[in-house]
Amino acid sequence: MENLSATLRHCHTSFSLRKPNRRYLINPLKYNHSSTCFSLDIKHALSSESIPTSVSLALSSSSSELYPLTELKNCDDLASVKAVHARVMKMFDRFDLESLISRYLEFGELGYACAIFFMGFPRNQVSWMGFLEEVESFGLERHRVLEEFVQLQSKGVNFDEVVLAMVLRICSVLMNELLGFTIHGGLIKRGAVRSDTRVVSALMGFYGRCVSSDIANKVFDEMPERDDLAWNEIMMVNLRSGEWEKAVELFREMQFCAAKVYDRTMVKLLQVCSSKGRLEEGRQIHGYVLRLGFEANVSVCNSLIVMYSRNGEVESSRKVFDSMKDRDLSSWNSIISSYTALGYVDDAMALLEEMERCGFKPDIVTWNSLLSGQGLYRSAIAILKRMQVSGLKPNSTSITSLLQAVAEPGLLSLGKAIHGYVIRNQLCYDVYVETTLIDMYVKTGCLPYAKLFFDTMDEKKNVVAWNSLISGLSYAGLVQDAEGLMSKMEKEGGIKPDAVTWNSLVYGYASCGKTEKALDVIEKMKRNKVEPNVVSWTAILSGCSKNGNFRNALKVFINMQEEGVFPNSATVSTLLKVLGCLSLLHSGKEVHCFCLKNNLISDAYVATALVDMYTRSGDLRSASVLFWGIENKPLASWNCMIMGHAMFGQGQEGIAVFNKMLEAGVEPDAITFTSVLSLCKNSGLVREGWEYFDLMRSRYGVTPSIEHCSCMVDMLGRSGYLDEAWDFIQTMPMKPDATIWGAFLSSCKIHRDVELAEVAWKRLQVMEPHNSANYMMMISLYSSLNRWEDVEHIRDSMRSQRVRVQDLWSWIQIDQRVHVFYAEGEAHPDEGEIYFELYRLVSEMKRSGYVPDTSCIHQNESEAEKEKLLLGHTEKLAMTYGLIRKKGSDPIRVVKNTSICSDCHTVAKYITVLRNREIVLQEGSRIHRFRDGQCSCNDSW
DNA sequence: ATAGGGTTAG
């Protein structure tokens, strides 16, 4: 209740005319804020047709000897006031008109009141003041007020400080710098700046909005005495212009001077914390809320709910909500949207029941809160039904939310259903709904429908509609078409491309490998006076990354910094992915520092990307420490951590993480199970693999995908259950693709089952005749059985199919340089030195019992020759170079682009003992950590 | 309230 009266106090303003002590209250609920209504009102007010017939009849019979003034006073309803109005139109007495304005305001008819005010009758200070307050609270007709003001001022009319203060507030809303400066000048002449704090506060507000917060702060500093209004004003100025540090400093000073903080200042403080992810500061302000006695203030508490919810802290939101003695409708709406925003639809529905029990009737905002948020499409229909039962029709916002919820691949049928529903029920079909419909069709991958619907929009197409389609084309790799559509937008629609248009194109080009073209677009933007922003640069970065063009991505990042664009959390997440894919641990750590310094670490994407970067770069320890330190671990971060253990073949550790995840109440998704099954596959946990595969379907409702099946085939096959793997392929729910047969062939190679291998090989020759890996597996299989004729046969077919053998390389980072060792091509400049050390190592190893394993050499050569070839393996060269050049005790980290052979695996183990050095060896998606003669994978890979 | 950039998957 207290909040309700506070709201009323805020909205109701007094309007005093002839008798300054007489105050009227206006009911804001009666007044329609829409500006179209307002102009209609003016027209109606000025035309006699607007007066209802019954009133006109009443008018003729009403006693004409009454003065309008007395008559107006006696009016009990709006119709009677209008009747008097019709008469007053002919009489034109200033006092009558002012009284009429006053009565109209009393009935909430601001439109009529404005219409009369601007009729141009002579006005005094008092009428201006009352009127200005109205204008300020309803935000209407500001331009006309300023025009009037300037005119009257030029005629020599003097206004007092209160009017000036209000005119200044209008100047700041309309960004009318010139008038603001003029008023300030006049004030200085009159010495008013020193006297009236209402004017000075308005002046600070004006400078804060129109010029800069610096000047506002200067005006504040020069005030000889500051009252609560001035303190709160300068706080608002700094909060609005994003000067957070300054605002915090002022807030502390306010406590020190015992200045009273207004509730709207508290609300603004909390709003900034909501939108800028300032959870820590938000918590501290919560402390002040309690200390300053705002815990009974409903608006402040509502802002606290929103602040916690935007920062992902639903539980704290709930605590605030539960602690409130009084609640209003927006308290309920805020807590409901806290739950829906994070996808807790069930809790939100429970709250809906509770609010109804407490006697609150859900309004359209309540229903729309329920309809927005993640993963709501499962419950949307039920919510819609209840909404309609309660007598409310979905509005454009409701439909927009619904469409956004289903705008993902695979939900096209739901999207179409909503479209049909809108048409059948003749629901609002405004420009928001239309553009969201296009976007829904784009995001569900249904470009033809998007195009069809777009074409029906005719002249109503706005830049958002065009951009939706342009981005759809760019995303689908049809960047030329996107560019074509852009020119069409310019020519036919007469609409200039904006940053969004360009950024879509930038992504489009970068993601199909045309980095140069993407950079050209950025240059073109500059020429067209659209400043490329951080999104543009992140778009190229991400495009390059999607395309696997990691080196280019890094170049782009450097380029971006040279352009003076500062990276944000999206940039950093993408960059970390790139660094992880290149295993650039050292640079990754630098980015980690950058995140700490710039407060990006609290971002869920960034935190997850960091965990991923550390695991991919082979530093599982750092990944683990970081991961367990994340306060609210996002699902993706659990998935990364499990995958990390999978990469290292640490089955039990990974399963432990998975169990912790379940304990934490996090629902595993399809990706979680891909990670868990990889875990079982890489660690030979066949029994567990089967269990999880069943659990996934029965308990968590995750439909097995081709990735899951591929893991199963790989797991079974590698562990020697070739028949089971074969049966699995025959009975799996989808058609086996090349990855399935590839995994199967790989297993057949390991277990030397030629018969089954040849079956898989036949299919693969059809499915992916140009994948050299398959040929290599066959060569390896035949050579391990000394079937050299078959080896030659495979090599022949490679030549005839023009299959290129994949380049083999390993690399190691030493200081800031990356040293790459290629199997063929240019030798490393220090090769002599490396071989010298390698030979020395091998002879030491042989004394300790090392026997070279030449099974991976597929050339029909002598044993001595094979041994020589074995020594040339790129990972051996890189490891040895690390031993020579990397001093200290940090592990030697080597990355190889293809799988390592068992001999290199053995050699690495020997090195850890002989040189007392840890080695981390990465091969594609698997990582080996060697220590004290052992490997983390327990030799099962 | 509608459009552009972000983490996880062989």
Side-chain angles (χ1 to χ4, degrees), chain A residues 365 368 371-372 395-401 403-404 407 428 430-440 442-443 462-472 474-475 497-508 510-511 532-543 545-546 567-578 580 600 603-613 615-616 634-644 646 669-678 681-682 705-711 713-714 737-740 742-743 746 773 924-926:
Chain A
V365 179
N368 286 345
L371 287 174
S372 65
N395 65 7
S396 146
T397 313
S398 331
I399 303 299
T400 307
S401 297
L403 288 172
Q404 277 177 314
C428 184
D430 69 2
V431 70
Y432 283 94
V433 171
E434 289 179 322
T435 42
T436 314
L437 259 173
I438 294 175
D439 199 52
M440 180 275 292
V442 163
K443 295 215 170 104
N462 60 10
V463 70
V464 180
W466 286 96
N467 281 348
S468 286
L469 206 54
I470 290 172
S471 98
S474 293
Y475 246 85
D498 64 3
V500 179
T501 324
W502 296 107
N503 289 343
S504 299
L505 288 181
V506 165
Y507 180 84
S511 63
N533 53 21
V534 65
V535 180
S536 324
W537 288 100
T538 310
I540 311 196
L541 200 62
S542 147
S545 155
K546 286 261 150 54
N568 64 13
S569 54
T571 324
V572 162
S573 317
T574 319
L575 180 64
L576 281 168
K577 185 196 160 68
V578 171
L600 299 176
D603 186 287
Y605 284 99
V606 172
T608 307
L610 274 168
V611 172
D612 184 55
M613 181 279 292
T615 57
R616 278 177 199 271
L635 172 60
S637 72
W638 288 99
N639 293 349
C640 282
M641 202 59 231
I642 297 171
M643 198 60 214
D669 68 352
I671 300 175
T672 316
F673 282 102
T674 314
S675 305
V676 170
L677 294 177
S678 304
K681 171 193 86 180
N682 289 351
S705 67
I706 197 94
E707 279 91 2
H708 297 125
C709 292
S710 160
C711 275
V713 171
D714 209 340
D737 67 357
T739 61
I740 298 279
S746 158
S925 60
R926 292 219 50 180

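The shown structure was predicted, so the numbers you read here are calculated from the model rather than taken from an experiment. Chain A is the first sequence line, chain B the second, and so forth, proteins listed ahead of strands; every chain is numbered from 1.
- Proximity note for A/Cys640 (side chain, C-beta onward) versus B/dG4, B/dA1, B/dT8: the nearest is B/dT8.
- For B/dA9, one of the phosphate oxygens OP1 or OP2 lies less than 4.0 angstrom from a side-chain nitrogen or oxygen of A/Arg616.
- Between A/Leu610 atom CG and B/dG6 atom C1' there is a gap of 13 Å when expressed in whole angstrom units.
- Below the 3.5 angstrom threshold, one finds no donor paired with an acceptor across the side chain of A/Asp498 and the base of B/dG4.
- Using a 4.0 Å heavy-atom cutoff across all strands shown, A/Asn533 reaches at least one base atom of the nucleic acid.
- Between the P atom of B/dG6 and the CG atom of A/Asn503 lies a distance of 11 Å, rounded to the nearest Å.
- A close approach under 4.0 Å does occur between a side-chain nitrogen or oxygen of A/Gln404 and OP1 or OP2 of B/dT2.
- In this model, the phosphate group of B/dA3 is not approached by any side-chain N or O of A/Tyr475 to a distance below 4.0 Å at OP1 or OP2.
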> Does the pair A/Thr400 and A/Ser396 meet the rule for a side-chain contact (heavy atoms from CB on, under 4.5 Å), with working shown?
Replying inline: CA-CA 6 Å; A/Thr400 307; A/Ser396 146; 4.1 Å; yes
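- Side-chain atoms of A/Thr436 stay outside donor-acceptor range of the base of B/dT2, with no qualifying N/O pair under 3.5 Å.
- The CG-P distance, from A/Leu575 to B/dG5, rounds to 18 Å in whole Å.
- Base contact: A/Val534 has a heavy atom under 4.0 Å from a base atom.
- Checking B/dA3, B/dG6, B/dT8 against the side-chain heavy atoms of A/Ile671 singles out B/dT8 as nearest.
- With rounding to the nearest 0.5 angstrom, the CG atom of A/Leu677 is 11.0 Å from the CG atom of A/Asp714.
- With values rounded to the nearest 0.5 angstrom, A/Glu707 atom CD is found 9.0 Å from A/Ile740 atom CD1.
- Nearest nucleotide to the side chain of A/Asp439, out of B/dA3, B/dG10, B/dG6: B/dA3.
- Contact annotation: A/Ser678 reaches the phosphate of B/dG10 (side-chain N/O to OP1 or OP2, under 4.0 Å).
- No hydrogens or angles were tested; on distance alone, a donor-acceptor pair under 3.5 Å links the side chain of A/Ser396 to the base of B/dA1.
- Donor-acceptor pairing under 3.5 Å, judged by distance alone, is present between the side chain of A/Thr435 and the base of B/dT2.
- Side-chain proximity of A/Ser710 to the nucleotides B/dG10, B/dT2, B/dT8 is greatest for B/dG10.
- A sub-4.0 Å separation between OP1 or OP2 of B/dG5 and a side-chain N or O of A/Lys577 is absent.
- Among the nucleotides B/dG5, B/dG4, B/dT2, the one closest to any side-chain atom of A/Thr571 is B/dG5.
- Distances were taken from every side-chain heavy atom of A/Lys443 (C-beta onward) to each of B/dG10, B/dT7, B/dA3; the shortest belongs to B/dA3.
- Not one N or O on the side chain of A/Asp439 forms a donor-acceptor pair closer than 3.5 Å with the backbone of A/Val442.
- The nucleotide whose nearest atom lies closest to any side-chain atom of A/Thr574 is, among B/dT7, B/dT2, B/dG6, B/dG6.
- Residue A/Asp669 is classed as having no contact, given no heavy-atom separation below 4.0 Å to the nucleic acid.
- Contact annotation for A/Thr674: backbone-only contact, meaning every heavy-atom pair under 4.0 Å involves sugar-phosphate atoms and none involves a base.
- Nearest nucleotide to the side chain of A/Ser468, out of B/dG6, B/dA9, B/dA3: B/dA3.
- In terms of phosphate contacts, A/Lys546 brings a side-chain nitrogen or oxygen within less than 4.0 Å of OP1 or OP2 of B/dG6.
- Between A/Thr672 and A/Asp669, the side chains place a donor N or O and an acceptor N or O closer than 3.5 Å (distance only, hydrogens not considered).
- Taken from CG in A/Asp612 to OG1 in A/Thr608, the straight-line distance is 8.5 Å, to the nearest 0.5 Å.
- Picking from B/dT8, B/dT2, B/dG10 the nucleotide with the shortest atom distance to the side chain of A/Ser925 gives B/dG10.
- Taking 3.5 Å as the limit, the base of B/dG6 and the side chain of A/Ser569 contain a donor-acceptor pair of atoms between them.
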